[in-house]
Amino acid sequence: LLGSGANWHSIARGLSARFRVLAVDARNHGFSPWCDGMDYPSQAADVLDLLDNLSLEKAFFVGHSMGGKTAMEVSLSAPERVLGLVVADIAPIAYTPRYREMIETLLEVDVSSIDKRSEADALLAEQVEDRMLRLFLLKNLERREGGGFRWRINLPGIVADYQSVWDGIPGGRSYNGPVLFVAGGNGGYLRQGDHEPIRKLFPAAEFVTFENAGHWVHAEEPEAFMEKVASFFSNRSG
């Protein structure tokens, strides 16, 4: 949520020594089209369309948070397209929505007349105290022709279907291939109690916890995360 493929640049570059890597922008994010609806079946269909357009029959998938749920939905709706899956700090359950006020703050901040990103940072600081979070959000700024900035992401569209981002992944299905769930031990979203509902959908699921990382496990422990992904997929690539 509010991220893009660019957030995965260093990990993608590291994995590219062993794999062909695609860093994907979700709908309404990054450079992807703006669309109505943010539910996971729609996001999964976007990913499958991408595979079709690139003539890729199968792939490994890595997803964090919202992207993790999208990857889970891909594996459950089209298991024949998925070689394996790594999910970073999210479970297929419903969560209480968070951050709506922060997104509405982004909508309220007028970035059209500012000249520097530092000015946008100062405006956001009034509502968002965490500097690392502000830097993450500011990656969504792009310069406008004629001066000023604009938000690259479809903030109104995200707000309009915000509940869908926090919904659980429907059950009654299973993906029996290899799945690794990576939890952040320091206040992450993936908890020990989530293992049971996960195994109902992913019977072969394995679990690992990065004790010194929080929800942003791939950003807080990038080298360890990259090596874990590479090892997990390499051992299952035949």
Side-chain angles (χ1 to χ4, degrees), residues 1-8 24-44 46 63-73 87-144 148-169 183-191 193-194 213-220:
L1 180 64
L2 306 184
S4 70
N7 298 125
W8 291 85
V24 182
D25 290 340
R27 58 168 54 196
N28 296 322
H29 290 69
F31 293 99
S32 285
W34 289 15
C35 309
D36 292 333
M38 287 287 295
D39 61 85
Y40 289 108
S42 297
Q43 294 199 58
D46 293 341
H64 168 254
S65 201
M66 184 184 81
K69 280 189 170 181
T70 298
M72 284 188 264
E73 179 61 37
V87 177
D89 205 65
I90 202 74
I93 62 174
Y95 291 86
T96 301
R98 307 181 188 179
Y99 310 125
R100 188 185 186 101
E101 290 183 0
M102 183 182 70
I103 296 176
E104 290 175 345
T105 295
L106 298 184
L107 279 167
E108 294 170 0
V109 173
D110 181 10
V111 297
S112 63
S113 59
I114 63 175
D115 295 321
K116 301 177 182 179
R117 289 178 182 271
S118 59
E119 296 176 32
D121 184 46
L123 290 172
L124 279 181
E126 299 176 8
Q127 300 293 331
V128 182
E129 295 182 3
D130 187 331
R131 185 171 182 274
M132 293 301 295
L133 178 56
R134 294 200 308 273
L135 292 176
F136 170 75
L137 297 173
L138 290 171
K139 288 184 178 181
N140 291 299
L141 276 183
E142 65 178 7
R143 290 192 178 276
R144 301 190 312 168
F149 288 84
R150 67 178 180 182
W151 295 110
R152 181 182 293 126
I153 49 179
N154 181 11
L155 291 170
I158 294 170
V159 169
D161 197 22
Y162 196 58
Q163 179 60 50
S164 292
V165 175
W166 302 89
D167 285 346
I169 301 299
N186 188 17
Y189 280 65
L190 180 56
R191 306 298 176 88
D194 299 327
H215 181 56
W216 303 91
V217 56
H218 63 296
E220 296 175 60

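Atom CD in Glu119 sits 11.0 Å away from atom CG in Asp121 (nearest 0.5 Å). To the nearest 0.5 Å, atom CD of residue Glu126 and atom OG1 of residue Thr105 are 10.0 Å apart. Taken to the nearest 0.5 Å, the CG atom of Leu106 stands 5.5 Å off from the CG atom of Leu137. For the atom pair OG of Ser118 and CG of Leu138, the computed distance is 10.0 Å after rounding to the nearest 0.5 Å. Rounded to the nearest 0.5 Å, atoms OH (Tyr162) and CG (Leu1) are 5.0 Å apart. Between the CE atom of Met72 and the CD1 atom of Ile90 there is a distance of 6.5 Å, given to the nearest 0.5 Å.
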Inset, instruction - Take Asp130 and Phe136 through the side-chain contact (heavy atoms from CB on, under 4.5 Å) test and state the conclusion after the steps. - result: CA-CA 10 Å; Asp130 187 331; Phe136 170 75; over 6 Å; no

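What you find for Trp34 and Trp151 is that their closest heavy atoms are CZ2-O, 4.3 Å. When all heavy atoms are compared, the tightest approach of Gly30 to Ile153 is N-CG2, 3.9 Å. Closest approach of Ala44 to Glu73, counting heavy atoms only: CB-CG, 3.5 Å. Looking at every heavy atom in both residues, Gly5 comes nearest to Asp25 through N-OD1, 2.7 Å. In terms of heavy-atom proximity, Leu107 sits nearest to Leu155 at CD2-CB, 3.5 Å. What you find for Ala183 and Val217 is that their closest heavy atoms are O-CG2, 4.4 Å.
In this structure, Asn28 contributes its side chain and Ile158 its backbone to no donor-acceptor pair below 3.5 Å. Listed for the Arg150 side chain is no donor-acceptor partner under 3.5 Å among the backbone atoms of Val111. Between the side chain of His64 and the main chain of His215, a donor-acceptor pair closer than 3.5 Å is present. Checking side-chain atoms of Arg27 against main-chain N and O of Gly37 turns up a donor-acceptor pair under 3.5 Å. The backbone N or O of Leu2 lies less than 3.5 Å from a partner atom in the side chain of Asn140, making a donor-acceptor pair. Under a 3.5 Å cut-off, the side chain of Arg134 and the backbone N or O of Leu124 do not form any donor-acceptor pair. Distance alone, capped at 3.5 Å, is enough to place a donor-acceptor pair between the Asp89 side chain and the Tyr189 backbone. Looking at Ser164, its side chain never comes within 3.5 Å of a backbone N or O of Met38 through a donor-acceptor pair.
Residues Leu190 and Val87 have side chains not in contact (no heavy-atom distance under 4.5 Å, counting atoms from C-beta outward). Side-chain atoms of Gln127 and Val109, non-hydrogen and from C-beta on, never get closer than 4.5 Å to each other.
Tested against Val165, the residues Arg98, Lys69, Met66, Arg100 include a single side chain to side chain contact (heavy atoms under 4.5 Å, CB included) partner, Met66.
Heavy atoms of other residues, nucleotides or ligands lying less than 6.0 angstrom from CZ of Arg144 number more than 12. No more than 12 heavy atoms of other residues, nucleotides or ligands shown are found within 6.0 angstrom of CG on Asp36.
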